[in-house]
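Structure, as structure tokens:
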Amino acid sequence: MTSEKLANIIFKDITKTPQDYINQYKKRALKENAHVTRYAPSPTGFQHIGGIFAALVSERMASLSDGVFFLRIEDTDQKREVEGAIKDTIDTMHKYGIDFSEGQETDTDYKGNYGPYKQSERKEIYQTFAKDLIRQGKAYPCFATPEELEALRNSQIEQKITPGYYGEYATYRNLNPEEAIKKIEEGIPYIIRLKSQGKGERINFVDLIKGETSFPENNQDIVIIKQDGLPTYHFAHAVDDALMGTTLVTRGEEWLSSLPIHIELFKILELKRPEYAHIPTIMKLEGKSKRKLSKRKDAESAVTYYDEEGYPIVCVIEYLLNIINSNFETWREENKDKDYHEFQVALNKMSKSGALFDIVKLDDVSREIISRMSGDEMFALYIEWAKIYDPQMYELAIKNEAGLKKFFSIDKNTAKPRKDFAKWSEVKEKIVYLFDEFFDKETNIELPKGVTLEQAKEIIKEYQKIYVHSHNSQEEWFNHLKEFAINIGYCANKKEFKNNTEKYKGMIQDVAGAVRVALTHRTNTPDLFVIMQILGEQKVLERFTKFINK
RNA sequence: GGCCCAUUGGUCAAGCGGUUAAGACACCGCCCUUUCACGGCGGUAACGGGAGUUCGAUUCUCCCAUGGGUCACCA
């Protein structure tokens, strides 16, 4: 059998058979409906939010079914490899609460019984399967040069026929093994192609997200082993996911169009095919049109963006969960105290079309979550963030720990806490008035509606005279303020004010507003009583004076 | 261009042949209120178009349009 001879010449070092590997990697002892899923990035060093999205879906499907979620590194394109990328991937995923039960752990080590989990170290495995295919006449060496391929392609496009290496255009497909051997011995470079058996018939397929679909079967003689001896994505995918026992492949929908190739590969290799769930791409609105979130153009495509902005990680995850299953929101509403891990992700409830990434919604999700944190928790997360991204604020925060914790605790422990912050980078703007070094430099002073700067100054001029710092409670302080307001001609009763507007200078909120502005330059701050306590009597009086002299 | 996928308000989306077409975010009002908030109530706003099938289509079929993806010795 000459094809056997050909196979032996091409892969002379390969001695094992596919069956050896199939025997080696036994089926896992898992529950019947357990999913084995994976995250399989190429180590390019860029962590895309879409990667978290896909990994989250995979991890949830595995964990919720008591299955296995593993990490496989797809480093078959060695040109694109970036140093440290594996560690970075694992660290990033871990930070986002996504951990692997098996797979690559460092550049050199892995855990699990289905390794290696790095494709470059699985070369012999792929070659074993490729060799077997050649032996059977289902794959063949192709000696076409890139130039020839290019020329073929151009002429096909010109003639308006489907471009590619297939059928009658696949000139080396029927080269007899003897001739092939001769060329190899002459040292002519080659790659290995699949001898596609596709006849262009339509095949039906069920995707777990997209549902029923159909397409013509593959007829392209795709490359399975590249000139460097490593497999292409398609070939590696089929071999690996079969051997590693993957039951469910969740991947971006950009892969949907190569599904026919994968289906044929599994069939020809006689390997068990996993189920597929092609997840929609996260999009972004540009002008009026949607487009894929772009690594180059969109800062928010990088996972690091969320770190820099200071979104607590759980917020990003919950936002993503929102996109994955829109009923997550209802579930969250009804289960405020539960961990998101308890939510049952369902693939069939996932939207089939690409969602627009909505930062405004993320902010809302985030504000809600942060509002439920305690002041101490917020402080801890804030300084953790500030330490890296805002050292100046970090120093200040550390120095004023008690005050800041008090500030973050305002209105906490109530059924409906304030929703002041969506991300840590917003904190500075909302707390800087606690610190003179910032406050004194501020030039912009907001004013309450209907109150002029002069009126505000008048109010403060009087208020500083009677200001008492040592009130025991917010209520006591406010009653005092109320009394003061009435004395200087402001009204403390809304209805009364509405009916007799002309009798008063304004409402009590104008007075409180003036105090607020004098103390903070802002019309929107949390409870003043606490702020004054944090500032201390001396500083409060100082600020009144400064304000009057503005 | 071929093939594939998608198409309900500004955004995310329920809906699975008969609904006043949910809900959330955003926006706008009003109310509550001892400041700021929180909250409550309400409002604007949608089934891409055309043919069928049907007593009846947002829901089923086909065509078109639009958007997206893919057509590498990259994944």
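Computed over heavy atoms, backbone and side chain alike; hydrogens, waters and symmetry mates excluded. We name chains A, B, ... by the order of the sequence lines, and we start the count at 1 in each one.
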Both distances below 3.5 Å, Watson-Crick or wobble geometry, any strand: find the nucleotide opposite B/U54.
none
Does B/A75 have OP1 or OP2 sitting under 4.0 Å from an N or O in the side chain of A/K226?
yes
Taking every non-hydrogen atom, the tightest pair across A/G164 and A/Y169
O-CB, 4.2 Å
Among A/Y433, A/F439, A/F547, the one residue meeting ring pair (Phe, Tyr, Trp, His ring centres under 6.0 Å) with A/H521
A/F439
Between A/F205 and A/F215, what is the ring plane arrangement, given parallel below 30°, perpendicular above 60°, and tilted in between?
tilted
Using a cut-off of 4.0 Å on non-hydrogen atoms, how would the nucleic acid contact of A/L356 be classed: base, sugar-phosphate, or nothing?
sugar-phosphate
Any side-chain N or O of A/T213 below 4.0 angstrom from OP1/OP2 of B/C5?
yes
Only pairs with both distances under 3.5 Å count, Watson-Crick or wobble alike; so what is the partner of B/C41 in this structure?
B/G29
Please check this pair: side chain of A/S196 against backbone of A/N218, looking for a donor-acceptor N/O pair closer than 3.5 Å.
yes
Report yes if some heavy atom in the side chain of A/R38 is under 4.5 Å from a heavy atom in the side chain of A/M244; otherwise report no.
no
Please state whether the phosphate of B/G39, meaning OP1 or OP2, lies under 4.0 angstrom from any side-chain nitrogen or oxygen of A/K419.
yes
Separation between the P atoms of B/G48 and B/A14, rounded to whole Å:
14 Å
Looking at B/U59, which nucleotide sits across from it as a Watson-Crick or G-U wobble partner, both distances under 3.5 angstrom, or is there none?
none
Hey, is the side chain of A/R522 pairing donor to acceptor with the base of B/C36 inside 3.5 Å?
no
Under 4.0 Å from OP1 or OP2 of B/G39: is there any side-chain N or O of A/R418 that close?
no
Below 3.5 Å, does any donor atom in the side chain of A/Q509 face an acceptor in the base of B/U34, or the other way round?
no
From C-beta outward on A/D358, which listed nucleotide comes closest to its side chain: B/C73, B/U11, B/U34?
B/U11
Counting side-chain heavy atoms from CB outward, which of B/U11, B/G23, B/A75 is closest to A/E329?
B/G23
A/R332 charged N/C atom sitting above A/Y340 aromatic ring, 6.0 Å / 45°
no
Check whether any side-chain N or O of A/K292 sits under 4.0 Å from OP1 or OP2 of B/G67, and answer yes or no.
no
Taking only nitrogen or oxygen atoms into account, show me every contact under 3.5 Å that the protein makes with nucleotides 59-61 of chain B, one pair per line with its distance.
none

According to the Watson-Crick and G-U wobble definitions, with both distances under 3.5 Å, which nucleotide is paired to B/G17?
none
Presence of A/R202 side-chain N/O under 4.0 Å of B/C4 phosphate oxygens OP1/OP2:
yes
Verify the contact: side-chain N or O of A/S351 to OP1 or OP2 of B/A13, cut-off strictly under 4.0 Å; return yes or no.
yes
Take A/H278 and A/Y276, measure what ring pair (Phe, Tyr, Trp, His ring centres under 6.0 Å) needs, and give me the verdict at the end.
CA-CA 6 Å; A/H278 287 92; A/Y276 289 88; 5.7 Å; yes
Testing B/A75, B/C74, B/A6 for proximity to the side chain of A/K79, the answer is B/C74
Quote, to the nearest angstrom, the P distance that separates B/C30 from B/G17.
43 Å
